[in-house]
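Working notes, structure below.
The first residue in the sequence is number 1, and the count goes up from there.
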Amino acid sequence: MKLSFISMLSLILLWGPLYGQKASDLQNKADSLSYALGMDIGTNLSRTGIELDPESLYQGLVDALEGENVKFTPEQKKQLIQAFQQEAQQIQQQKAAEKAALMQEEGKIFLAENRKAEGVIETESGLQYKVLKEGDGATPTASSIVKVHYEGRLLDETVFDSSYKRGQPIEFQLSGVIKGWTEGLQLMRVGAKYRLYIPYDLAYGPNGSPPTIPGYATLIFDVELLDLR
């Protein structure tokens, strides 16, 4: 959730009178801003996965503003909101666990099939690679500073990073990157281009690299070794 539940309610307190207003009824900047904030709050509350009643929510705001007819004591309100927050957290944790299991299974299935593909070689660590073009220059060590062009993709072919698109290769010390790169580039000679299939434990692990790389993601990199020193 982008905002805490309390923060969301505070915003609705400011803009609550727009409840029930249609988008076509918006007349000015204040109306439009209020509606947009309502959309944002509603979107975040919907992500909790907990069913809420908009009319009861709004009525609670009105009663609190008027200072009359409130149905709960401050302590009761606090307990209800704390229970909501705990339940929302549990739901999000469950969703995260399910997604992690799915990502691991997808990666496992992909790598199992991919190792059978023509030209694919698997190392002892589980790294898989395919030679797209051989080089004839020097081979780097882990302490080398290398210059590369690359493109990184998820298994669904989503490109999350590309030096080609930026039009600028990058330089870095080979020991300072993910394990799959450290190992994979030491298999290459300058001038070579390899496709690396990197299991999550040789990539960004359980945490991923938000927002572009989810946790437990198996990654595919096309890497071209341009130079080293």
Side-chain angles (χ1 to χ4, degrees), residues 1-8 39-53 79-132 142 148 150-165 172 174-187 194-223:
M1 296 168 61
K2 293 180 181 178
L3 298 171
S4 70
F5 186 61
I6 299 297
S7 297
M8 291 178 183
M39 286 178 59
D40 191 55
I41 293 165
T43 298
N44 281 285
L45 284 174
S46 70
R47 289 173 180 162
T48 65
I50 298 174
E51 182 178 357
L52 297 171
D53 176 52
Q79 291 175 356
L80 284 165
I81 292 176
Q82 286 178 338
F84 165 84
Q85 292 172 327
Q86 291 171 359
E87 184 179 356
Q89 185 177 31
Q90 291 171 355
I91 290 173
Q92 294 306 310
Q93 289 173 343
Q94 179 63 30
K95 287 181 178 179
E98 291 172 356
K99 183 176 181 180
L102 178 62
M103 293 295 292
Q104 290 182 73
E105 185 64 18
E106 286 181 347
K108 182 179 178 180
I109 292 172
F110 172 83
L111 292 169
E113 290 298 316
N114 192 60
R115 68 170 57 99
K116 304 173 187 176
E118 183 178 356
V120 173
I121 302 170
E122 184 172 84
T123 70
E124 186 176 346
S125 71
L127 173 71
Q128 296 178 3
Y129 68 94
K130 182 176 183 179
V131 177
L132 303 180
V148 304
Y150 70 95
E151 179 180 270
R153 303 187 298 279
L154 303 178
L155 293 185
D156 64 4
E157 295 299 320
T158 298
V159 176
F160 58 82
D161 195 11
S162 174
S163 66
Y164 293 106
K165 289 185 177 180
F172 53 86
L174 198 50
S175 62
V177 291
I178 58 174
K179 294 178 181 178
W181 271 51
T182 301
E183 179 183 355
L185 267 74
Q186 290 183 83
L187 301 171
Y194 281 21
R195 180 163 294 159
L196 305 179
Y197 306 91
I198 305 180
Y200 78 87
D201 57 321
L202 299 179
Y204 292 95
N207 296 324
S209 182
T212 55
I213 301 175
Y216 295 99
T218 294
L219 306 178
I220 303 172
F221 283 96
D222 288 348
V223 184

Review point. Looking only at heavy atoms, what is the nearest atom pair of A203 and A217, with distance?
Key: CB-O, 4.3 Å
Point to revise | Residue pair L127, I198: steps toward the side chain to side chain contact (heavy atoms under 4.5 Å, CB included) verdict | key: CA-CA 5 Å; L127 173 71; I198 305 180; 3.8 Å; yes
**Study point:** Contact check, side chains of F84 and L45, non-hydrogen atoms, under 4.5 Å
**Key:** yes
Review point. Crowded around K108 NZ? As in, over 12 foreign heavy atoms under 6.0 Å?
Key: no
Practice item. Measure the shortest side-chain to side-chain distance between D222 and R153 over non-hydrogen atoms and say whether it is less than 4.5 angstrom. Key: yes
Check your understanding: Side chains of L154 and L219: closer than 4.5 Å at any heavy-atom pair?
Key -> yes
Practice item. Using atom types as modelled and distance alone, determine if a side-chain donor or acceptor of Q186 lies under 3.5 Å from a backbone N or O of T182. Key: yes
Practice item. Write out all pairs satisfying side chain to side chain donor-acceptor pair (under 3.5 Å) with one or both partners inside residues 199-221, taking only residues at least two apart or from two chains. Key: none
Point to revise | Expected output: side-chain Q104 to main-chain P206 donor-acceptor under 3.5 Å | key: no
Check your understanding: Out of curiosity, T158 OG1 to I213 CD1, how far, rounded to the nearest 0.5 Å?
Key -> 11.5 Å
Study note, to complete from the structure: To the nearest 0.5 Å, atom OH of Y197 lies from atom CZ of F110 at 6.0 Å
Review point. Looking just at side-chain N and O atoms, do Q94 and E98 make a donor-acceptor pair shorter than 3.5 Å?
Key: yes
Check your understanding: Taking it one step at a time, do Q89 and Q92 satisfy side chain to side chain contact (heavy atoms under 4.5 Å, CB included)?
Key -> CA-CA 5 Å; Q89 185 177 31; Q92 294 306 310; 5.8 Å; no
Check your understanding: With a 4.5 Å limit on heavy-atom distance, are the side chains of F221 and V148 in contact?
Key -> no
Practice item. Hey, could you give me each pair passing side chain to side chain donor-acceptor pair (under 3.5 Å) that has a residue in residues 122-132? Not counting sequence neighbours. Key: N114-Q128, R115-E122, E122-Q128, T123-S125, T123-E183, S125-E183
Practice item. Not counting sequence neighbours, which residues clear side chain to side chain donor-acceptor pair (under 3.5 Å) with Q86? List them please. Key: none
Check your understanding: Would a 4.5 Å heavy-atom cut-off, applied to side chains only, mark L185 and Y194 as touching?
Key -> no
